[in-house]
Amino acid sequence: MFKKALYISLCLLSFFRLTTSAQFKSDSGKYKIRLNQVGFYPNAPKIVIVLTNKKGSFSLQTPDKKIVFKGILKKSIQPNFAGQYTWIANFSAFTKPGKYVLNVSGLGTSYTFSISKNVHQQVANASIKAFYFMRASTPLLEKYAGKWHRAMGHPDNKVLVHASAVSEGRPEGTLVSSPRGWYDAGDYNKYIVNSGISTYTLLSLYEDFPEYMKTVKLNIPESGNGIPDLLNETLWNLRWMLTMQDSIDGGVYHKLTNAAFDKMEMPDKATEPRYVIQKSTAATLDFTAVMAQSARVFRQYEVQLPGFADSCREAALKAWEWAQTHPHIIYNKYVLNDNFSPKITTGDYGDGEVRDEFIWAASELFVTLKDIKYVHKINVIPDVKMPLPSWSQVRVLGYYTIARNSERVAGTGYKNIAEIKKRIVSYADGLIKDASKTAYIAVMYKKKANFIWGSNSVAANQGIALIQAYKLTGDKKYLKYALDNLDYILGRNGTGYSFVTGYGSKTPMHPHHRPSIADGIVDPIPGLLAGGANPGDEDHVPLPSFIPDEAYTDNDQAYASNEVAINWNSPFAYLANALEALQNNISY
Ligand code: G3I
Ligand code: 9MR
């Protein structure tokens, strides 16, 4: 009842809010002019959304107020989710590099932004470097981490086997060593299911753009060792994932966590006992997929990493065998906590439907081993659906793998390759249909249902789908739509925030991220993508609006809209880096 009253009053509030916002009251231009706060490529589209209710003109100006371009605002074809039309400033035809502001007559002036080549390079690099900041079991040294250097947290070399995880040779309380890995998110726990899609997405960035990714230098401890830094960073998590497999039976623990979430303290202060918890089919299959992919990717680095690709292949095969004999072991916290102690209340990543995990794992094994038996065993195309990838929905990850490696498997006789490619392209066609009619000219704006917990990863994963379609067809139109979603994340959205810490003029300062909260440093750790607008309000922190695309608050308690997570940063890293790599192919 209370929530409903709150909802109605917040809706009313947001209706009258076109002219005011506490968050931006100092300058209405900065609040009402919604743009990619980082900037634009010289020859790419340059679209800015203006929140006003009347027609008017705009000008592009240098910081010293010299007008370099003039235009007329155009009304959006569709209203936004609050029912209001937006006005569009399009200055794509202006291509001269420099620093600029956009002025809208009667409204004010935007933040300063750049037009330049490589305009997203820094934020793209930071989106990968962010994973270094998420490393468990190592100190972050000042020469790599700057002012965010910190002591080692979570050595994880004495982890307890939880009662839910006992097996032959590993009774309850057995100590296992499971160091390294990335912290999942704002919490300090490590979850195989979420590591699966996150690691895959970074490895896919390498598989799709190897030459570009070889040029990306991140200043991490391994830099300069002959392996691209993206892969170096990914190895930190892969080596942890390998320890999560029970070497006797091949099954993989669902997660390595405390019994309960830590306090808001630095990693080295968080010393509660850690457990490996219950093997699950989803974790074991996600592990299979990532290890099969790793075996393929790291085969090229045999000299630097002797035996690593073989270890990954063996681990993948053993995990796959376990999943054949345990095809439906589901992680369910209620069942687990009814039967075992201590009770485990950390993140679930529970997924009751594992058919998609079988498809993904089989696809990776098929491509790596060039052995058709894996995809013949299961129904790879069970229906017409093309669900957007997320931690719980991984089917299409397998399709991407088959499509991007179609030459590698050409000789296997597999009949579905053309069909899989066709589906990816028609899925992308569905995404872009009418996207330019939306109030913010972006695929992300087509459906209210996109605004869920981690909505920014929806925008980024849509971007990946569009880039896959570009790679399959060579049609540059898909890149423009992918760039729209990048613009969305970097500020052309209903909140006016660039959602990446440290990149843009108005960025999250209070993410739900324990080190950023506890380190006493004003600036949060850079390069982290906040979850984004989510009217679900599962954390019950008051939101400024329940309109789907406005439902965001920069509050460190707001884990449903302002947490950070590896499975959100990784598709963002893919999107930002892929567009950097492809920038010369984007034109307005
Ligand atoms: O998919 C449904 C959608 O169909 C429905 O319309 C919508 C309406 O509520 O809900 C959608 O599901 C939501 C799902 O997130 C979307 O991904 C669930 O309600 C929501 O509970 C679920 O939240 C998950 C959350 O954990 C709670 O379990 C997030 O996906 C997941 O990213 C998040 O992960 C946490 C870890 O548990 C712990 N570490 C931090 C991490 C990030 O917050
Ligand atoms: O910090 C936790 C975050 O990582 C999770 O996404 C979130 C939902 O599971 O839970 C957070 O922890 C909160 C817990 O659920 C309830 N008590 C307060 C904790 C910190 O805000």
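Read the numbers this way: they start at 1 and go in the same order the structure lists the ligands and their atoms.
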| query | Which atoms form the tightest heavy-atom contact between Asn125 and Leu218, and what is the distance? | reply |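 Heavy atoms of Asn125 and Leu218 come nearest at O-CD2, 3.5 Å.
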Shortest non-hydrogen separation from Pro548 to Lys448 and the atoms involved: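 So the two residues come closest at CG-CG, 3.8 Å.
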- How about Tyr552 and Phe499: are their ring centroids closer than 6.0 Å?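 Under 6.0 Å, so yes.
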Q | Any residue meeting side-chain hydrogen bond (donor to acceptor under 3.5 Å, both in side chains) with Ser164, in chain and number order, not counting sequence neighbours | A |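 Partners of Ser164 under the side-chain hydrogen bond (donor to acceptor under 3.5 Å, both in side chains) test: His162.
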One thing to verify: whether [Y] and [X] come together as a salt bridge, which I'm taking to mean a side-chain N less than 4.0 angstrom from a carboxylate O.
| X | Y | answer |
| --- | --- | --- |
| Asp156 | Lys190 | yes |
| Arg395 | Asp356 | no |
| Glu357 | Arg355 | no |

**Item:** Contact residues of ligand 1 (heavy atom under 4.0 Å), by chain and number
**Value:**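 The 4.0 Å shell around ligand 1 contains Asp184, Ala185, Asp187, Tyr191, Gly347, Asp348, Tyr349, Trp391, Ile452, Trp453, Glu563, Trp568.
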Should the pair Arg180 and Trp240 be classed as cation-pi, given the thresholds of under 6.0 Å to the six-membered ring centre and 45° from the axis?
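No cation-pi geometry.
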Practice prompt. Sort out the contact shell of ligand 2: every protein residue with a heavy-atom distance below 4.0 Å, listed by chain and number.
Written response: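 Answer by chain and number: Asp187, Phe261, Met264, Trp453, His512, Arg514, Tyr559, Glu563.
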Let me check something: any side-chain donor-acceptor pairs from residues 523-535 under 3.5 Å, sequence neighbours excluded? List them with distances.
unit_1: Asp523; atom_1: OD2; unit_2: Lys147; atom_2: NZ; d: 2.7
unit_1: Asn534; atom_1: OD1; unit_2: Gly536; atom_2: N; d: 2.9
unit_1: Asn534; atom_1: ND2; unit_2: Glu538; atom_2: OE1; d: 3.0
unit_1: Asn534; atom_1: ND2; unit_2: Ala560; atom_2: O; d: 2.9

